[in-house]
Amino acid sequence: MSEQTAARPWLGAYPEGVPADIDASQYKSLVELLDNSFRDFGPRAAFNFLGKDVTYAQIDKASTSMGAYLQSLGLVKGDRVAVMMPNVPNYPVAVAAILRAGMVVVNVNPLYTARELEHQLKDSGAKAIVIIENFAATLEACIANTPIKHVVLSAMGDMVGTLKGAIVNYVVRNVKKMVPEFDLPYAVRFNEALARGARMNLMRPDVNGDDVAVLQYTGGTTGVSKGAVLLHRNVVANALQSEAWNEPAMRGLPADEQVTNVCALPLYHIFAFTVSMILAMRMGGKTILIPNPRDLPAVLKELSKHRFHLFPAVSTLFNGLANHPDFDTVDWSHLRVSLGGGTAVQSGVAKLWLEKTGCPICEGYGLSETSPSASCNPTTSRVFSGNIGVPIPGTYLKCVDDDGNEVPVGQPGEIAIKGPQVMAGYWQRPDETAKVMTADGYFLSGDIGVQDASGFFKVVDRKKDMILVSGFNVYPNEIEDVVSQLDGVMECACVGEPDDKTGEAVKLVVVRKTASLTEEQVREHCRANLTGYKQPRTIEFRPELPKTPVGKVLRRELRG
């Protein structure tokens, strides 16, 4: 074993040709990465939305105009600009504009309430926002309490041509009634901002790798939402790491075939931001934008029109699609990488997906704070392991105890991550940053994991989700994985509930796939597969599980 492999045992699991490290310095910033792609791939389709291709040249021109418009408002390098949109081509235009103008992207969940939006706008100090009109009423409700001075108001059809755009906007506003009434008298329409900016020159400030590119707010499931400060070099590094990791699966693709990826995850989420937008644009790929992944018939109808190679998604989406009656209307034969992230992929889902597509789900792991990817299973693997794979190029992982000491192989500990993709800290929260960054540069993830001798890691759970039954640690992921393998279970989740005898007991919530599934069948399956203290005391059947817009199950809402 080489000295390098001894220090990083996971390198032995790397597929042939995947480098131990990547050179993130090949781009000075995300601006240079985008500029190169606009130059090299101008006529190519960058995004496809509602059947309409939007080219790299169109994104280049529109983002140059939008960047110049933002500068004309008096905004300067380092100013924060919020972006609150679903998966529409206006989104990459806004992001490229903000970055090229030297400003900072503040990604905002479009489904936020006024209270959540107000917190994020105040916390980030954003002076401007590019928002889709569907959510303008939410902004109206809180804008007076925020530093926002300028509003660019976008619409669903802005980037799909004059005639089609007018039809799309009419249907969205008047037929589907998706735009509640609002009053933002000083807002400027997206296309008007483009027209004004087109008459100006974009000033190109000097942007380097240590400049802030994105404030990526953590989901808030662990308390107050905090902004992870992602530098240009963090996101560049993660895009290059992901590209190197996917390369073995993409080998053999015909030279004249454009790499196409499905973006069913929201672009404001860091998983899609880096993998479905930045990486795809770096490669000259095409991204199919899915505006509403919860509408499974519409997703499958759209996918039936395309040939695609990359599909990043969460377990719940893979599960929903694989169980849908329209699944076979799509040609899945060109799919090279099904990337599972955001939350644990359950083995029952992985088994079904492989059976139906022939492409295994390759589970990865990451967080907003790591831009996001930190580890992944080899894309050449045909077997679902249930673990989060090995650290990707240039990344170090270890498991540590509460004192920060590395624990022995096979022992549970908090996963700590070091690499070029790790954030600079939390926005204006030195106290919170100090809690999660170690003296030697590792980020403490808050996830409990185990490393094996080959360098593969497995998440056993979040610190806070652990259930303590009579002094025994019970990890919900394990129980959910076991129950998901039972025929008749669509999905499930478990939490701890108070118990007078054991301190806590396990509560299991199940969504049935077949109505005939009984509580006793679930209990029998648990008795056969789980030791006594891990078995659920309470089993509840529900029509659906509460989830975030990204598809993560909200365990805290199951505790009632």
Side-chain angles (χ1 to χ4, degrees), residues 15-18 37 41 43-56 87 239 242-265 267 271-272 274-291 293 296-315 317-341 345 349-364 373 376-384:
E16 187 180 345
V18 175
S37 293
F41 309 121
R44 280 194 201 178
F47 297 91
N48 182 280
F49 178 66
L50 302 179
K52 169 82 172 176
D53 279 344
V54 181
T55 66
Y56 281 86
N87 288 358
S242 301
E243 181 181 33
W245 197 252
N246 290 341
E247 195 273 332
M250 304 305 290
R251 279 178 208 153
L253 205 65
D256 60 346
E257 189 164 337
Q258 186 180 19
V259 174
T260 301
N261 84 96
V262 177
C263 185
L265 294 166
L267 283 166
F271 189 14
T274 301
V275 174
S276 296
M277 186 175 69
I278 300 298
L279 172 57
M281 293 178 81
R282 136 84 184 177
M283 297 170 68
K286 178 167 73 174
T287 298
I288 303 161
L289 294 175
I290 305 292
L296 295 180
V299 173
L300 290 163
K301 185 179 178 184
E302 183 62 38
L303 294 184
S304 69
K305 303 170 186 173
H306 298 277
R307 182 166 165 159
F308 51 88
H309 313 100
L310 291 160
F311 193 168
V314 289
S315 187
L317 181 57
F318 286 129
N319 191 33
L321 291 173
N323 281 293
H324 198 277
D326 296 340
F327 187 82
D328 291 333
T329 62
V330 175
D331 177 7
W332 300 96
S333 66
H334 301 281
L335 186 58
R336 298 292 186 98
V337 180
S338 302
L339 184 62
V345 176
V349 175
K351 182 171 179 285
L352 182 62
W353 187 261
L354 179 58
E355 283 172 5
K356 299 196 78 167
T357 67
C359 179
I361 294 178
C362 180
E363 187 170 5
S373 303
C376 197
N377 279 277
T379 56
T380 51
S381 174
R382 304 293 299 173
V383 181
F384 180 75

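Note: hydrogens, waters and symmetry copies are ignored here, and every other heavy atom, side chains too, is used. The first residue of the sequence shown is numbered 1, and numbering continues consecutively from there.
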Next on the checklist: Taking salt bridge (Lys or Arg N to Asp or Glu O under 4.0 Å) as the cut-off, I'd like each qualifying pair that reaches into residues 297-308, sequence neighbours left out, listed once.
Outcome noted: E257-R307, E302-K305
Next on the checklist: Run F41 and M281 through side chain to side chain contact (heavy atoms under 4.5 Å, CB included) and show every step you take.
Outcome noted: CA-CA 9 Å; F41 309 121; M281 293 178 81; over 6 Å; no
Checklist entry - With D53, which residues qualify under side-chain hydrogen bond (donor to acceptor under 3.5 Å, both in side chains), at least two apart? => result N48
Item to check | All side-chain hydrogen bond (donor to acceptor under 3.5 Å, both in side chains) counterparts of N87, not counting sequence neighbours | outcome: none
Item to check | Listed partners of T274 passing side-chain hydrogen bond (donor to acceptor under 3.5 Å, both in side chains), at least two apart | outcome: none
Checklist entry - F384 and L354: side chain to side chain contact (heavy atoms under 4.5 Å, CB included), yes or no, with the steps? => result CA-CA 9 Å; F384 180 75; L354 179 58; over 6 Å; no
Checklist outcome for this item: Contacts of K351 meeting salt bridge (Lys or Arg N to Asp or Glu O under 4.0 Å) (sequence neighbours excluded), chain-then-number -> E355
Checklist outcome for this item: The salt bridge (Lys or Arg N to Asp or Glu O under 4.0 Å) partners of E16 (sequence neighbours excluded) come to none
Item to check | Any residue meeting side-chain contact (heavy atoms from CB on, under 4.5 Å) with V314, in chain and number order, not counting sequence neighbours | outcome: L265, T316, L317, T343, V550
Next on the checklist: Tell me every residue that passes ring-ring contact (aromatic ring centres under 6.0 Å, His included) with F47, counting only those two or more places apart in sequence or in another chain.
Outcome noted: none
Next on the checklist: Can you pull out every salt bridge (Lys or Arg N to Asp or Glu O under 4.0 Å) where at least one residue sits in residues 331-341? Sequence neighbours excluded, please.
Outcome noted: none
Item to check | side-chain contact (heavy atoms from CB on, under 4.5 Å) involving C362 - partner list, sequence neighbours excluded | outcome: C376, N377, T379
Next on the checklist: Check the orientation of W332 and F311. Use parallel for under 30°, tilted for 30 to 60°, and perpendicular for over 60°.
Outcome noted: parallel
Checklist entry - Residues in side-chain hydrogen bond (donor to acceptor under 3.5 Å, both in side chains) with T260, at least two apart? => result none
Item to check | Qualifying residues under salt bridge (Lys or Arg N to Asp or Glu O under 4.0 Å), relative to R44, sequence neighbours excluded | outcome: none
